[in-house]
Structure formats: structure tokens, C-alpha cells
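To start, the structure itself, in C-alpha cells.
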Amino acid sequence: MKKIRLLLVDDEPDFLTAYARRFKRRNVEITEAQSGQQAIDRVREGEFDVAILDVMMPEMNGLETLRRIKAIKPDLPVIILTGHADSGVLIEGMDMGAFDFLLKPVGTDELYFKVLDAVRSRRRGQP
Amino acid sequence: MKTALKTLFHFIHGNPEGKREAVEKFLNKSEEFRLLLAANGKALELMAEMTEAARSGHPSGITRVRAFSVMVASSVRQMIERLCRMAPGRYDALREVFNAIVQDMDQAFAGPPKGPLGPTVVRMADLRAIDLLETGSKVAMLGEIKAELGAVVPRGFAITASGFRLFMESTGLDDEINRLIQIHDGNSLEELTDLARSIRQAIDLAPMPEELETAVREQCARLGDVRLAVRSSALGEDSEQAGFAGQFATRLGVKPAQVTDAYREVVSSMYSATAMTYVRNRGLREDGMVMAAGCMEMINAVAGGVIYTRPPVGGDSDAVIVNAVPGLPCAVVDGSSMADSYSVDRETGRIRSRDIAEKEIRFILTSGGKVRKEKLYGGRELEPAVPDRDIERLAALALRIEEHFGHPQDIEWAKDRDGLIVILQCRPLTVCEDAPGPRSKPWSDDEESRGLAILSGCIPASPGAAAGYVVKVETEEDMFRFPDGAVLLARNARPQLSALLPRAAALVAEFGSSVGHLANVAREYAIPALIGAPGAVERLSGVGVITVNGSNGTIYLGRRKRMIQREARPTARVRTTDVGLALERVLRFITPLTLTDPESTEFRPEGCRSMHDITRFCHEKAVYEMFAQGDRPVSGARRLAGERAMQYWLVDIGGGTSADAGGPANSRRDITIEAVCSSPMRALWYGMMAVPWEGPPPPTMDGFMSVMTSAARNPALAAGVRNDMGERNYFIVGGRYCNLQSRFGFHFCTIEGFAGDDPNVNYALFQFKGGGASMDRRHLRSRLVAEILEKRGFIAEIREDALFARLEGVSRQAVEQAMAVLGYLLMHTRQIDMSMADPGMTVRYRERFEADIERLLEGLPNELREAGCAA
């Protein structure tokens, strides 16, 4: 099966490294971004099947990042993954078209299957 | 998978353009349906966990309550999104209903409203008891006794709750701490230590607000070149509900320039592993913790100690207990030294008895402001720390303080070089009201225990008797390894040990005093404790099970059942905790199910009152949109005819059944399995039917009970909630494609496969979740199924009881074989979780399954050759 191209956006390097390592073993090709702006640049430059997005980031927060990503690639599924149990962010994020909203900590398996769901759902949606 | 679907469509011959679109729409819809079912399962699972936490009375922190609430909301929102995509425009009203309920939920776990910020610091001289909401009771009470009773207290000032809020809010620390608590999932001491480290780091990195820094500097300038004690004075600390005894830091000998650093440390101590353990065990809200601090001039004490205006462990209630040590009083409080102890008559004010201890060390303040430990020698270790008349002065002052507050007090005092008595803190005292009274028989008459005492004459610190394996705790490592229900044996009664007390049967410490922090916490948890048990570590190490009698100060070998019974005290009254209350409040918007009748007029988005209602509504409507709606690519779901097939329905998305399927006589409602020509479906069905199922295995008794309890607990599994459509099992088939959504009792399962000629697009997929037995048995069952599948090339993943397995890039035959295996496992592994109690059972099942599967696969080619419309 084709590799899944995943964009992982988080300002915590430890978090990025840990998930990148676990996902690489699962046929997932990871591109990391450590800020909202970096994420937007990556989305402009490359093709991704799915993005995982943190919310609390300095400078540009996750919701603003999501808004801009959706403006560039409306059909890119974006999974919000955050340490803040904030229902306001949940509602706003889903209204903006996030694929799902998950709270850290999330097991690698659970996140991986969410990624598969997102990828599958998007591919189904295409002609 | 995209190419797989395209290939799938290539196999659907003779479809006019319109029909192909319909097929695609249907596939999209079924994908949304699949995701909706997954979210439904997740939501119900989370609700069940929250209900269980509320029932057990042990929710683990407000952060978890909030996280669970938001996760429920997320799953429910997911269902709404999926449903809205299945039927655009039809259910949009759900979003507003959802938003309104989420708002109610947020209100339910929000803390009390916060007023405007007040002054960040207040001078000690300006403080009164009523200021405790800003300064914590510890500091406010000192202000009160100075103003009202003329007691001498140290000069100084308080950093207020407003100062704390300013620090938290202006730096974003409050959000960050919540986030850290949220992402550190876990309750073990080890995980909490890790969390405490992260929070401490965040606090250290946060800049001190300019306003607070300036205010502190001004106060320090007023005090001159002194050394300060920076003491925790958390809001709620020292209250009768929660003592927090010794949980928080006090920094001694602080130079004026270092006050804010010391304050940081005090704030950090509120999030230490031991403090967090305490907060969680007590059901307090970690987001409600507010740390005020007292910054007070250090008293260069020649002696000091603690006064209890009533004996804390019961006994002679006419006495005031005064403890004294030479040097700074911290040696009494942290249990690092033995103390002189006096009993003073409340009526006459005279000393009734005295016990002068051998005091090995004292703490002194060096000229540089450091606190130093000093060894006592030359007979000084045996001298009383203060003369008798000081003891009587102290008792008299203590009684005035008790009278003023109208409650027994725990008072820390110091005597300075000029002989002045200074009160360092006072707080309400936890007294064991139901301490055992005088006994009819002296202890020596106890027949059961006679001759079994291994240590006697220890100082009772918390009454009652309990037994357990004795475990010595010296290092932090030992703390991590401490087993539940053991007797905690320690050299010193360090306050850090309080984190272990909720799990300990009893406490024995060689050094310390019955008036120290650890003794306080032991009494709060009603754990028998002996503190001041010389030689205990040597005498008790390795003796196995002992019984600790916290009333008579004796330790016995083995478990003295009758003594434990006789000493039994009524268990502490169960209080509904702050966190428990928040959980109950939020559950009112989550779990009640009011939408029960899909036929009623109330069954619409606006009728939803809870998250559970929305899940119910979405599920019902999704099933309707999926299977009962008119606009399907083929005329509709048809029932599989035949004795063993009655509970299965089939939807053909093109090319999955022969043209004359079912024959004209049966109209188009029924279809027989012979008319199915999708090879993955044929293989799957063959696997399901080839070996007759013997029925459910006889469950072991506890397995069965666990089914009953989970059915009773989980509202989604209650009979009234089931709906007919959801109970059905659906095959969705195409020429090379098959998808089965099934539900057997508590088991939810999806099987999907595509078997074409190009291996690159072929796959088989299996998802399986649920079961009635306990989680460990369900997990064992999933493990077993995963092992069997892995042997056949599947990649399998397990999360708790959920199993996901996929096989990809294999030949058509391999997919067909896989489908047959999946069919067999679907039918034969259901309910075996109930009897999966031991490893032997797993082995027997595995052997039988492997043998069945071997035989089954031999017959598969024949079966497929006979298929009515094989290619």
C-alpha cells in the first residue's frame, strides 16, 4: 500500500520526535512543522494525505493555522490533537472542518487508526 | 485504497453513468456510517467510564473530569458531522443543540467565579481572620491573634491569592499547568513525580509579574536586612476539611532579594507528587488550588515546638499538650527529632506530667541565614528545652487562642533570644473524636496476643489496629515500590511519606512525634500509626506480617484478627468531594437518556437534552439514512433467505448478485445465498457457516457476573435502547467486494475485503470490539484472535479489547482465504471472552481454532467453484 504522507504540527520537539519515530514503522511518511507558519509553508509546498495539528502554539495558534490550511487545501483532513480540554476549541475547530478533535495523551495505535480513518474518508470522497 | 475503489468500479459492468454515481454516493455514505458507529461506540464507552467514576466516588481529579467531558463531546460532535454528511441539510439543527449542551457542561465543571484582583501583598499588621480568602488561613490567623489577643507574631507580609492569580494568569501558567496535568496521564507516584518536575520547570521559567516583584521589594525594604521564612498559606490549607499537613514547602532563612524565588518554590510545592496525591485522594480540585504565602521575619529561636490544645489521639481531654525542642521548631514539625512533651491541666494551668526526650540534634539559624543541623552532646541532649514556667505560659496563651477561635488548635511557637514567645502559626486541630475510651481489661489480659508482642511502648499517633506485611521505606525508589496494604516502616516520620498513607495498612516510624505532619495525615486517613518506636527498623525488618496497635503502642507478630476487630473505628464519613460534585453536575448533561421512542414527535434534534440523547438520535437516523431510505443504488436491502441466514440483510452496490437474484416469486425483498456471486462474500459466508457453532461456552461464574454488571451499568446495552435496525447484520457487496457490519450481543464487528486480480489493490480488513466479560478477558480474546490472524499475514493491532487487523497486497485467493478465516473467527470467538479465565483455556481454544481453520480452507476452493456466477 502507498505510504501515508502525514504533516505533524507541534511546537514541542519531544512530542514530534516521539510520534515521528513510532509512525515511521507504520508506513507513514512524516513531515514535521514546529509552528503554524511552518505548517502553512509545508502545505503550500507539498502534498499531504492528512495533518495532525496542535492548538497551543506560540505566535500563530492552531485554530488560525487550521483556518489558513483549509483556505489552501480545503480537502486536506486535519486532526486536532491538543493538551487543552477546551470545548470552545472543539466547536470552533469542527466548525472550520477539522476531521476530528483528540486530547493528549493519545496512544500511538489510536492516533494511527484515526489517521487511517481520515485518509480513507478523504479518498472515498474523491472521484 | 483509492485505486482499490476505482478498480472496484471497473468490475461493476453495465452501470449507466447515473448508477455509478449512486454507487459512489452509497460507498461514501457507508464510510460515514462506519465512522459514525465508531464514534458512537467511543461516546458510550466514555459515558460508562464517567458513570463508573461517579459511582465509585473516586474520580481522579478535575482535569480528568474535564478531559472526559470534552472527549464525550468530541465523539458526539463526530457523530453529528458524519450524520450531516450522510444526509446533507437534514440534521443541521443538531449542531446548535449540541453547542447549548456543551455550554451547560462547561458551566458544570467551572469553578466558582473569580472576582477582580485585589492587592498582591498585605502587611501582617493589617491582616485579620476575615482576610483568609486572600491570604489563606495560616497567615490570616496570625494577623487575627496579634490584633485581637496581643500575641507576638513575626513581622512580615503576605503574598495574596490575587498575587498568585496575577502570576498564573499574566504568564499563562494556569493554562500550561492544566495542559501538563492533562497530558501526564496517570496516578502512580512515579508518573506524578514526573508531572511535578514538568510543572516546576514551567513555574521556574515563568517571569514574575512586575507589579508583584515591585510590591514584594517595597515590603522587604520596610523590614530591613532580615532573614525571612517564606511559608505556604494555601487557600483551604489547614481547614477542617483538609489539613494538607506538611504538604507544602516552607523556605527558611530567605534573603530579601530571594523572596520571589522562594515564593516560586512554595508555589511549586503545591504541585509536588505528594501534594497532588493528597489533592486527588481528597477529591479536591487541582484547578482550585490557590497558594498564598506568608513572608515573615525569622525568629532566631533558642527553643520552639508545637502545642495541641487537646490531645490529638484522644485520651485525657482535660489536657493541653506542649512539645518543645531546643533550637528552631522545625525539628518537631518534620519529625526529625524526638521532643519533650508536657501535659498541662486545662483547669489549673499546671503541668501534670512531663516526658523529657533524648534530643540528638537541634536546628539553628546561622549568621548567614542558613538553617543548620547541630548534634547535641555533653548531657545537653537530656536537658529540657525550656523551663516549666515557659510551658505554663505557652499553655495559657494556647487556651486563649482556642477560646478565640472556638476550636482546638495546633500551634507552632518559638522562643527568641530575649525570652519572648512568638507564635509562628496556628490552625484547627484534627482530633480523633472516637478514640477508644478506658478499657474494661488491661492489655496484658489479651489471650490471643499474649507473648506475641514484638515491640511495645511506642508512642501512639493514630488509634486503631491493622495488620499487613511490613515494608521498610528509606529511599524514593522504595516509595515507588511500596505495595498496597503493607505496613509502612520508616526511620523518620518524613511528611513526604504521606503520599503512601492512603495505600498503607498502618504506619510505624522510629523518630518523629505524634504531633508532627505525618501523624496528622495518618489520623486524617484513619490509619493506625506509631511514631517514636525506637529500634523498630531493626526489630521489624523481615518479620513478615505484623499487627500495629495504634491505641496501646504495641506491635504484634502476625495478624491479630480479634484485636483488629475490637479496635475497629467507624470508617470516616464519606464526603462528596469537590471533584465528585463537579462530575455529578456535568453528568446531568451527558448520561440521562430521555429520547427513547423514535416514533414520538419529540424525536428530533430539539428534543435532545443530553449528549446521550444526541448519540441515540444520530444512531437511529444514521441507520435510517443507511438502510431504510429510498435513494440507494439498488432497490434496497434484501433479507438473506434460509434458515441460518434470517438475521442477515444484503445490499448490492453492483455486480454482487446474479441478475435474477431471488427469482420473481420472492419479489425483491428476499435473496438466497446462492444468488450471491461476490467471491469475498461467498468466502466469508462459507467461513461463517462451515463449522457449526456450539453455542456460548459455559461461562465461569465471575465471567458471567461481569456480563451482568456491565449490562446493568452501560445504558447503551439496556434492552429498551436497542433498535431493530441496529441489531441487524448487513452485507454490502459488489462483484469483488464485500463489507459486513455486524453486531452479536455485545460484539461489534466490521469485515471488509476486496478480491480482484491485481494483488496491489486487494485487501482484507477486520475490526472487532466489545464483549460482555471484564476488560482483561476481552483483551485476552482479542490477543488470541490477533495471533491467529498474524500467522496468516495480517498486521494486527490491539487497544484494550478492540482489534484491528488488515491484510494487503496479496492474491485474490489469499483474500478469499482470509475472508473465510474471518468468517470462522467471527462466529466462533464471540462470547469466549467469558470463559477465558486461564492460559490453559487460551491454548485449548487456539488449538481447536487452528484445526478447524485448516480443515475449512481445504474445502474453500470447491465452495467457490460452485458459486452461481463465478467469473
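Chain A is the first sequence line, chain B the second, and so forth, proteins listed ahead of strands; every chain is numbered from 1.
- Ion pairing between a basic and an acidic side chain is recognised when a charged N comes within 4.0 Å of a carboxylate O; B:Lys42 and A:Asp100 show no such pairing.
- The parts of A:Ile91 that come within reach of chain B are both its backbone and its side chain, each placing non-hydrogen atoms under 4.5 angstrom from that chain.
- Of the listed residues (B:Arg82, B:Met105, B:Gln103), the one with the most heavy-atom contacts under 4.5 Å to chain A is B:Arg82.
- Taking 4.0 Å as the cut-off between side-chain N and carboxylate O, A:Glu110 and A:Lys114 do not count as a salt-bridged pair.
- Looking at B:Phe98, the atoms closer than 4.5 Å to chain A (heavy atoms on both sides) all sit in the side chain, from C-beta outward.
- Here B:Arg179 does not pair with A:Asp86 in a salt bridge; the nearest charged N to carboxylate O distance is not below 4.0 Å.
- Looking at B:Leu35, the atoms closer than 4.5 Å to chain A (heavy atoms on both sides) all sit in the side chain, from C-beta outward.
- Checking side-chain atoms of B:Gln78 against main-chain N and O of A:Phe99 turns up a donor-acceptor pair under 3.5 Å.
- No donor-acceptor contact under 3.5 angstrom links the side chains of A:Ser35 and A:Gln38, judged on distance only.
- By number of non-hydrogen pairs under 4.5 angstrom with chain A, the leading residue of B:Arg66, B:Glu32, B:Arg77 is B:Arg77.
- Top candidate by heavy-atom pairs under 4.5 Å with chain B, chosen from A:Leu102, A:Val106, A:Asp95, A:Thr82, is A:Asp95.
- Contacts with chain A were tallied for B:Thr63, B:Asp175, B:Leu180; B:Asp175 has the most, counting heavy-atom pairs under 4.5 Å.
- The contact between B:Asp106 and chain A is made entirely by side chain atoms (from C-beta outward), counting heavy-atom distances below 4.5 Å.
- Judged by distance alone, the side chain of A:Arg67 and the main-chain N or O of A:Met96 form no donor-acceptor pair under 3.5 Å.
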